[in-house]
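Take a look at the structure below.
These numbers were taken from a predicted model, which means no experiment stands behind them. This chain uses plain numbering: 1 for the first residue, then up along the sequence.
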Amino acid sequence: MPAPLRFIASTPTLPDEADAVIIGGGIIGTFTAYYMARRGMKVALVEKGVVGGEQSSRNWGWCRQQNRDERELPLATKALDLWAAFGKESGEDTGFRRCGLFYVSNLDEELEPWARWGEYARSVGVKTRMLTSDEASEHAAFTGQRWRGGVHSSNDGIADPGRAVPAVAKALMALGSTVHQACAARGIETTGGAVSAVITERGTIRTRQVIHAGGAWASSFFNQLGIRFPQATVRQTILAVGTGPLTLPDAFYSDSISITRRGEGAHTLAISGRAQVDPTLQFLRFNRQFIPMFRKRWKKVSPGGLHGFRAGHETLSRWRLDRPTPMEAMRILDPVADPTTVRLTLKRAGKLVPALAGMPMVASWAGFVDSTPDGVPVMGEIPGIPGLILAAGFSGHGFGIGPGAGHLVADIATGHEPIVDPRPYRLSRFSAGEKIDVSEF
C-alpha cells in the first residue's frame, strides 16, 4: 500500500452475536459503528482487508462545506462539528483542523458557479466569501501569478486520511465493540424475510441489524440479494511530494492542481476530477443511468483499462457463502497510479509553483472512487428486508462528511431523530423513470 496508513490490531475473537454488524471498515462504516456504540449497542465491524485501506486513506482529506451540492451541504455542516467533537470525546487524533480552504481561478466557468453557490450557502449560515483579484493573488502569492478571483471558506478544514479511520476504530473498541480485519462478510441470512445473521469467512454472527458500508463493493454484494444498486467506480491518482520547509497552504485548489498538507513536511498533489473509467460488466449494466454524469464531466474522465475487471469489485457473478468470494481474492483495492497522470501532475505543479519542481516525490497511489448516477450517496433502509441498511456511493465526498454520514446512518438504524433530512439519500430515487439530477460539483 503506497498510500500512508496507520495500522491497528483487530479484536481477536469473532462474537457469536451482536446488536448490529457493520460491513466495511472505511470512514462511513467506522463512524456509523462508533455512534451506535455510543448509544450502548454492541457492534461488530467486519472488514475484508484493513480498516481505512481503500478510498478512505486515498483521498485528499478535505472536510468542506464549500461547493457542496445542496443535498449534501447540511450533512457537511454537521460533519465539521462532529470532526472536532470526536477528538475531544475520544482522545484520538484524526489530524482534523479548521485551516480554511482557498480556491483561486482565472476561469469564468469556475468563478461564476462559485459566486452563485456562495449566495445560497450564506443564506443557510455557511461562512464563505468570494475573493477579489487582489485578495486571490495575495493568498496565492506562493504561485507568483496573478489571479482573477477565488473563494475562501474559513470554517472548512482537513483531516489526515491515514490516521482518521484507525482512530475511529480504536475509539469504537474502547467503547466495548469489536473490529475484525481480514474478515470478509460473504452474505446475510434472513428469518421470516428479516435480517438474522451475517455470514463471514470466519463464522456467523447472529444479529438483527446490518449496515453495509462497503464502498466500491456495495453493488456486487447487493446483487447477491437481488437488489439493484446503480454504482460505478472511477480510478483516480494522487501523489505526495516532500516539501520540507517550503511554505504552502494546508488546502489549496486551482484548475491546474490541488495541494493538501499531509503530515509534516509533505503535501499531496492531485488534478481535480481527472479519472479513468475501467469498463466492467457492472459498468455496462448501469451505463444508461450514468450518461448524464459523464456528459457533465466528460472533459476530465478518460477510458481506462482492465484494472477494474481484474480487481473483481464490479462482478455480476453470484458467489456461494461457503466458499471464498471475490472480496477474499482482493483484500484491498490497490490499483497502480496512472503514470500519465503522475507525469502531468508533476509538470503542472512545477509550472504553478516553480519551487515544487525540485521537490522529491515520496509516493503515488490510486483508488477506486465509487459513485452513484447523480453523485449523491445512498443512505437508508432497504425495503423488503427489515434490518438491512445501505450506506455507499459517496462519489468522492465520503471522507469529509464521514462523521455526519455515520451519525445519520446510526440515527436511521436506532430510530433516533435524524441529524439531517434523510430523504435525499433514498435508494428509490434511481427507480425507472425518475430524472437524475447530477450534482453541480
Would a distance-only check, ignoring hydrogens and angles, find a side-chain to backbone donor-acceptor pair under 3.5 Å from [X] to [Y]?
X	Y	answer
Arg186	Leu321	yes
Gln224	Ser317	yes
Ser154	Gly100	no
Trp117	Arg68	yes
Glu54	Gly26	no
Glu47	Gly25	yes
Thr190	Val195	no
Thr11	Thr13	no
Arg98	Asn155	yes
Gln282	Ser219	no

- Task: Check the angle between the aromatic planes of Phe96 and Trp83 and answer parallel, tilted or perpendicular using the 30° and 60° thresholds.
- Result: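 The rings of Phe96 and Trp83 lie parallel, inter-plane angle below 30°.
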- Task: Test Asp374 against every option in Lys435, Lys296, Arg71 by the salt bridge (charged side-chain N to carboxylate O under 4.0 Å, His left out) rule and name the one that passes.
- Result: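 The option that passes is Arg71.
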If we only count heavy atoms from C-beta on, is the [X] to [Y] side-chain gap below 4.5 Å?
X	Y	result
Val50	Leu5	yes
Ile205	Val46	yes
Val168	Glu92	no
Val179	Val51	yes
Thr414	Tyr35	no
Ile401	Lys78	no
Ser153	Lys127	no
Ile8	Gln181	yes

- Task: Please step through side-chain contact (heavy atoms from CB on, under 4.5 Å) for the pair Leu356 and Leu248, ending with a clear verdict.
- Result: CA-CA 10 Å; Leu356 283 174; Leu248 292 173; 4.1 Å; yes
Lys/Arg-Asp/Glu bridge criterion (N-O < 4.0 Å) met for [X], [Y]:
X	Y	answer
Arg39	Asp411	yes
Arg97	Asp250	yes
Arg429	Asp437	no
Arg163	Asp93	yes
Asp334	Arg58	yes
Asp16	Arg206	no
Glu434	Arg426	yes
Arg202	Glu328	no

So, for [X] and [Y], is the gap between ring centers shorter than 6.0 Å?
X	Y	result
Phe222	His212	yes
Phe283	Phe290	no
Phe229	Phe221	no

Looking only at non-hydrogen atoms, find the nearest pair between [X] and [Y] and report the distance.
X	Y	value
Met36	Ala410	CG-CB, 3.6 Å
Ile271	Ser256	CG1-O, 3.8 Å
Ala167	Thr94	CB-CG2, 4.1 Å
His180	Pro15	NE2-CD, 3.3 Å
Met330	Lys48	O-NZ, 3.6 Å
Ile332	Gly53	CG2-O, 3.5 Å

Is the count of non-hydrogen atoms from other residues, nucleotides or ligands lying under 6.0 Å from [X] atom [atom1] greater than 12?
X	atom1	result
Phe294	CZ	yes
Arg318	CZ	yes
Lys300	NZ	yes

- Could you check Tyr103 against Phe252 for ring pair (Phe, Tyr, Trp, His ring centres under 6.0 Å), going step by step and ending with a plain yes or no? CA-CA 6 Å; Tyr103 295 58; Phe252 169 83; 8.9 Å; no
- Query: If you measure only the distance, is there a donor-acceptor pair under 3.5 Å linking the side chains of Thr237 and Thr341?
  - Reply: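 No pair is found: no donor N or O on one side chain lies under 3.5 Å from an acceptor on the other.
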- Using the side chain to side chain donor-acceptor pair (under 3.5 Å) rule, take Ser258 and Trp60 through it: C-alpha gap first, then chi angles, then the decisive distance, then the call. CA-CA 9 Å; Ser258 294; Trp60 295 9; over 6 Å; no
Please report the interatomic distance [atom1]([X]) to [atom2]([Y]), rounded to the nearest 0.5 Å.
X	Y	atom1	atom2	result
Arg331	Met327	CZ	CE	9.5 Å
Thr178	Leu14	OG1	CG	7.0 Å
Gln276	Phe368	CD	CZ	10.0 Å
Arg262	Thr243	CZ	OG1	13.0 Å
His397	Asn59	NE2	CG	11.5 Å
Met173	Ser10	CE	OG	7.0 Å

- Query: Among Thr340, Thr345, Val234, which one satisfies side chain to side chain contact (heavy atoms under 4.5 Å, CB included) with Arg274?
  - Reply: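 Single pass found, and it is Thr340.
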- Query: When you look at Arg208 and Glu189, which way does the salt bridge (Lys or Arg N to Asp or Glu O under 4.0 Å) test go after all the steps?
  - Reply: CA-CA 10 Å; Arg208 297 176 65 183; Glu189 284 185 348; over 6 Å; no
Pair up each side-chain donor or acceptor in residues 387-396 with any protein partner under 3.5 Å, not counting sequence neighbours, and list the distances.
residue : atom : partner : partner atom : Å
Ser395  : OG   : Ser371  : OG           : 3.4
Ser395  : OG   : Thr372  : N            : 3.3
Ser395  : OG   : Gly393  : O            : 3.0

- Hey, mind stepping through Leu427 and Ile382 against side-chain contact (heavy atoms from CB on, under 4.5 Å) and telling me if it holds? CA-CA 8 Å; Leu427 176 61; Ile382 299 300; 4.0 Å; yes
- Message: Checking Asp370 against Gln231 for the side chain to side chain donor-acceptor pair (under 3.5 Å) test, could you report, in this order, the C-alpha distance in whole Å, the side-chain angles of both residues, the deciding distance, and whether it holds?
- Response: CA-CA 7 Å; Asp370 65 305; Gln231 182 185 43; 3.2 Å; yes
